Amino acid sequence: MRYGMERRKSRSRSRSPHHRYSRERRRHHKSPKRYNRHYRGSSGTRTLKRSYDREVRLQQYYQYDKKKESGLRHHRGSKKNGYIHRNEDSHNCNSGSRSSSISSHHSRQSSHVRDDRDGHLIYRAGDLLLNRYEIRSLLGEGTFGKCLECYDRKRDKHVAIKIIKNIERYREAARLEILVLEKLAKKDPDNKNLCIKLLGAFDYHKHICLVFPKLGKSVFDFMKENVYQPYTMPQVQHIAEQLLTSINFLHSIKLTHTDLKPENMLFVDSSYDSFWSDNARQNIHVLRKSDIELIDFGSATFDHEHHSTVVSTRHYRAPEVVLELGWSQPCDIWSCGCIIFELYTGNTLFQTHDNKEHLAMMECILGPLPSSMIKKSKKTKYFKKGVLDWDTSVEGRYVEDNCKPLSEYRTSDRKIHVQLFDLLEKMLTYDPSNRITASEALKHSYLAPYTSTKCRRDESR
């Protein structure tokens with residue numbers, strides 16, 4: 001389980017040990033910056049500049065927190081542990097000094113709480129946060145902070161706590177994520193739209209901590225541990241329907257997620273059954289339940305807020321973002337199309353880290369870019385005489401060897417496969433104004449078995 005972690009697999013389709021070694025070597029030596037983007041909003045290039053509207057939201061946040069602080073201070077005795085009350089799950093928590101391992105029965109004074117040189121909180125298994133959350137293990141680590149599995153003594157259950165670095169720009173991003181999550185909870189108190197629920201938030205020695213339910217593995221992590229085997233068709237349908245349900249909800253309240261990818265989709269329960277596969281020559285995992293929840297709203301943006309130039313992780317980035325034409329909700333739909341393709345094939349649709357190569361892949365798979373988008377683009381260096389300036393004899397060798405028209409990735413001529421690729425074509429339409437919406441996609445024939453069942457279930461309530 002990642003709660004906003006990053007990864008990318010090799011461009012090679014081979015599963016040999018040599019290529020796995022090459023993938024790791026490229027990850028750590030060739031392009032380390034690309035693979036150090038945990039808890040990020042848009043491939044590590046996200047602009048942290050905020051609009052006036054977000055400044056107003058932060059001022060409101062501080063005012064609200066100041067009132068809570070004055071009301072709770074006499075219970076705590078010390079202001080420097082500044083508790084941010086968010087809901088009843090976190091109320092009346094004792095934010096005293098941090099304790100050490102329970103097994104050793106030694107106390108650890110707050111003056112001994114330290115950070116590493118990157119701003120991460122230094123901790124040990126068994127340490128206590130607010131004398132309530134006992135740290136058990138690390139779930140994931142990234143640019144923004146670390147996600148820990150903790151035992152909630154008050155609620156007698158395990159939770160996931162996202163501990164943000166002690167760095168101001170990351171604290172600001174966390175505060176904004178809290179505001180988004182609170183609005184989602186207010187709009188959808190019963191969580192019918194499958195966006196992860198914020199159980200609470202607090203400030204622990206200048207580390208903002210977000211408390212979430214502990215879920216299963218991410219959609220990507222399960223696939224990675226399963227040797228990148230694709231999901232079954234019913235699971236692809238179910239995951240796609242749930243993803244689009246969440247996105248439709250976000251878009252209905254004028255919010256764009258901007259960082260959709262398999263890492264940011266967690267299974268509620270990632271338990272599985274195993275069987276031997278002669279093709280893979282190893283045991284293959286088959287997921288028992290494909291229920292998911294959407295996570296990582298750190299870069300979610302409302303329509304009236306400042307829109308940074310670049311958003312989304314590279315492999316799921318829409319053409320209007322690459323060409324710097326401006327973006328809105330349709331960029332999420334493009335990301336959904338890339339995700340669904342990956343669930344179906346086990347491979348990333350656009351495996352690249354270069355803008356021009358990315359555009360070349362798009363043209364190889366989806367056809368030429370529209371001239372209207374090329375004319376409006378600020379990225380004129382990518383084009384010559386109205387067409388992509390791409391040397392297929394040298395630069396394009398990898399693209400030609402690994403990319404083919406979208407329909408040729410279909411593994412069967414059965415009706416359900418044809419319906420899937422019809423939906424993908426509509427989601428991967430270049431012009432965002434002509435791209436299918438989340439609401440329209442949910443009505444597509446490919447998702448009919450799930451959407452019709454859901455409608456009948458809602459009507460019976």
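Small disclaimer: the values here were computed from a predicted structure and weren't measured.
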Legend entry - Check: D354 main-chain N/O paired with T352 side-chain donor or acceptor under 3.5 Å: yes
Inset, instruction - Mind listing the closest non-hydrogen atom pair of T345 and P230 along with its distance? - result: C-CB, 3.8 Å
Legend entry - Stacked cation flag K183 on F302, 6.0 angstrom / 45 deg: yes
Legend entry - D115 vs H207 side-chain heavy atoms within contact, under 4.5 Å: yes
Inset, instruction - Report yes or no: does S277 contribute a side-chain atom to a donor-acceptor pair with the main-chain N or O of I284 at less than 3.5 Å? - result: no
Inset, instruction - Nearest 0.5 Å please: distance from the NE2 atom of H238 over to the CD1 atom of I292. - result: 8.0 Å
Legend entry - NZ/NE/NH1/NH2 to OD/OE distance under 4.0 Å, E320 and R435: yes
Inset, instruction - To the nearest 0.5 Å, tell me how far I239 CD1 sits from I340 CD1. - result: 10.0 Å
Inset, instruction - Look at the rings of Y409 and F341 and say which category their plane angle falls in: under 30° parallel, 30 to 60° tilted, over 60° perpendicular. - result: perpendicular
Inset, instruction - Could you tell me the separation between the CZ atom of F212 and the CG atom of L266, rounded to the nearest 0.5 Å? - result: 10.0 Å
Inset, instruction - Look at the side chain of D389 and the backbone N and O of Y382, then say whether any donor-acceptor pair between them is shorter than 3.5 Å. - result: no
Legend entry - E134/R136 ion pair, N-O < 4.0 Å: yes
Legend entry - All side-chain contact (heavy atoms from CB on, under 4.5 Å) counterparts of I167, not counting sequence neighbours: K165, R169, Y170
Legend entry - Under 3.5 Å donor-acceptor, N248 side chain and L244 backbone: no
Legend entry - Spacing of Y446 atom OH and M233 atom CE [to the nearest 0.5 Å]: 4.5 Å
Inset, instruction - Report the residues that fulfil side-chain contact (heavy atoms from CB on, under 4.5 Å) with Y272, sequence neighbours left out, ordered by chain and then residue number. - result: F222, S274, H285
Legend entry - Side-chain ion pair, K426 and E440, N-O less than 4.0 Å: no
Legend entry - Donor-acceptor under 3.5 Å (Y344 side chain, R410 main chain): no
Inset, instruction - Look at R153 together with D156 and state whether they make a salt bridge at an N to O cut-off of under 4.0 Å. - result: no
Legend entry - Reference residue I436; test side chain to side chain contact (heavy atoms under 4.5 Å, CB included); the match among E425, K443, M427: M427
Legend entry - Salt bridge D152-R132, side-chain N to carboxylate O under 4.0 Å: yes
